[in-house]
Amino acid sequence: MPRTDTALAGEAAAATPIGRSAPAKVNLALAVRGRRDDGYHLLQSLAVFTQLADRIEVQGAGEDSFAAGGPFSPDAPAGDGNLVVAARDALRAAFPGRLGPVAIRLHKLLPVAAGIGGGSSDAAAALKALSSLAGISAGDRLAEIGLGLGADVPMCLTARPLMARGIGESIAPLDGFPALPLVLANPGVALSTATVFAALQDRENAPLPPLPRNWSADALDAWLARARNDLEPPALRLSPPIGNVLAALRQAGARLARMSGSGTTCFGLFDTAQAARRAAAAMARSEPRWWIAATTSLASGDTVDG
Ligand code: ATP
């Protein structure tokens, strides 16, 4: 029987690795707005994604495999516990018979359990790469599958400046949001999201300030100054070194320093990428044990793999 174009295209796809970036997520602001009966917290968060990213590569293979490399791979779960493997299995369950055996490689540059959504972003990148490999146009179903893997996965699938609400399922991309030079830093202490939420005193907090009409530099700074991360006070109580990181970012010249997510990573905003790189280098000299990285966030018009 003659082979169809689809079969040939599938084979070509299987032979060529497909790579996707899994950018770090930075919560520029985060409000805890309540808790549902099932225990999930209702959040409102303005999040951006950075050029600094993990990398996922997938390729058709004789049997399933998963391998991780990179500086933080020893900290991430090795097998079925890894969200990348969970993403593969969830995609297979949602589209039976579509995704054959696959070799997945993860290059882990982002610290684990650090409040920058590395696991969620890896899962999102795996869903994108695997659906592309299998020729699945999943559309909105990818976000639904992602939400089953973790509350932050839908926003990581969007991977552009956005406002997230609910438990993370409601995502509104922001137009005209600029790229921001940042320094990310943490004291090398992992803090689990569940522990921080458990230490939270007030679960019903005010919403974030109303968004400005445009994101000029002044409007952005004014909005960020009025905004906050409600998880910062409990995280600081659990892990006082976070305070040292915030102080060091300010001392290095950040015009704003705040914790991302449930910590312990904090971000500092700088005027230029060069200023961010210099600040990161100076901080690394005085705190050689911290994880410190200068990067730039993606603007509204930037695409993560483009
Ligand atoms: P959250 O998305 O809850 O804010 P986080 O940013 O603080 O999480 P992650 O790096 O996503 O932290 O890790 C959260 C948990 O997910 C860790 O306990 C880790 O063991 C698990 N995990 C599973 N897969 C991965 C992965 N690919 N990379 C990192 N962590 C993973």
Going by the rule ring pair (Phe, Tyr, Trp, His ring centres under 6.0 Å), which residues pair with H41 if we only count those two or more places apart in sequence or in a different chain? F197
Can you give me every donor-acceptor pair (side chain of residues 105-118, partner residue at least two apart or in another chain, under 3.5 Å) with its distance?
| residue | atom | partner | partner atom | Å |
| --- | --- | --- | --- | --- |
| R105 | NH2 | E57 | OE1 | 3.0 |
| K108 | NZ | D54 | OD2 | 2.5 |
| K108 | NZ | D122 | OD2 | 3.0 |

Taking only distance into account, with no hydrogens and no angle test, what donor-acceptor pairs under 3.5 Å do side-chain atoms of residues 71-84 form with protein atoms, sequence neighbours excluded?
| residue | atom | partner | partner atom | Å |
| --- | --- | --- | --- | --- |
| S73 | OG | G70 | O | 2.9 |
| N82 | OD1 | V84 | N | 3.0 |
| N82 | ND2 | P77 | O | 2.8 |

By salt bridge (Lys or Arg N to Asp or Glu O under 4.0 Å), which residues pair with E232, not counting sequence neighbours? none
Please name all residues satisfying side chain to side chain contact (heavy atoms under 4.5 Å, CB included) with P240, sequence neighbours left out, ordered by chain then number. none
Would you say that T295 contacts S297 through its side chain, given a criterion of any heavy-atom pair below 4.5 Å between the two side chains? no
ring-ring contact (aromatic ring centres under 6.0 Å, His included) contacts touching residues 240-278 (sequence neighbours left out): none
Indicate yes or no for a side-chain donor-acceptor contact from R165 to the backbone of Q44 under 3.5 Å, with no hydrogens or angles considered. no
L231 CG to L236 CG distance, which is reported to the nearest 0.5 Å: 11.0 Å
Steps toward side chain to side chain contact (heavy atoms under 4.5 Å, CB included) verdict (L184, W291): CA-CA 8 Å; L184 303 177; W291 176 78; 3.7 Å; yes
Going through the checks in order, is the side chain to side chain contact (heavy atoms under 4.5 Å, CB included) test met by R92 and D64? CA-CA 12 Å; R92 266 200 193 124; D64 278 336; 2.8 Å; yes
Does anything in residues 122-171 pair up under ring-ring contact (aromatic ring centres under 6.0 Å, His included), and if so which pairs, sequence neighbours excluded? none
Calculate, to the nearest 0.5 Å, the distance between atoms CG and CZ belonging to L130 and R20 respectively. 10.0 Å
Under a 4.5 Å cut-off applied to non-hydrogen side-chain atoms, are L182 and T296 in contact? no
Does L249 reach the side chain of M283, with side-chain heavy atoms less than 4.5 Å apart? yes
For a quick test of your reading: what N or O donor-acceptor pairs under 3.5 Å do the side chains of residues 137-153 make, sequence neighbours left out?
| residue | atom | partner | partner atom | Å |
| --- | --- | --- | --- | --- |
| D152 | OD2 | K25 | NZ | 3.1 |

Kindly indicate, with the supporting measurements, whether the criterion side chain to side chain contact (heavy atoms under 4.5 Å, CB included) is fulfilled by N186 and V245. CA-CA 7 Å; N186 77 50; V245 175; 5.6 Å; no
Distance-only donor-acceptor hits, side chain of residues 45-52, under 3.5 Å, sequence neighbours excluded:
| residue | atom | partner | partner atom | Å |
| --- | --- | --- | --- | --- |
| S45 | OG | N27 | ND2 | 2.8 |
| S45 | OG | A29 | O | 2.9 |
| T50 | OG1 | L52 | N | 3.3 |
| T50 | OG1 | L52 | O | 2.8 |

Applying side chain to side chain contact (heavy atoms under 4.5 Å, CB included), can you list everything that pairs with Y40, at least two apart in sequence or on another chain? R36, D38, I167
Atom pair SG/CZ of C266 and R250 - distance to nearest 0.5 Å: 8.5 Å
By side chain to side chain contact (heavy atoms under 4.5 Å, CB included), P210 pairs with (sequence neighbours left out) R226
Residues S21 and D305: side-chain donor-acceptor under 3.5 angstrom: yes
How long is the gap from CD1 on I104 to CD1 on I18, to the nearest 0.5 Å? 12.0 Å
Let's go through L238 and V196 carefully: what are the C-alpha distance in whole Å and the side-chain angles of both, what is the deciding distance for side chain to side chain contact (heavy atoms under 4.5 Å, CB included) to 0.1 Å, and is it a yes or a no? CA-CA 8 Å; L238 290 165; V196 179; 4.2 Å; yes
Test salt bridge (Lys or Arg N to Asp or Glu O under 4.0 Å) applied to R228 - qualifying residues, sequence neighbours left out: D230
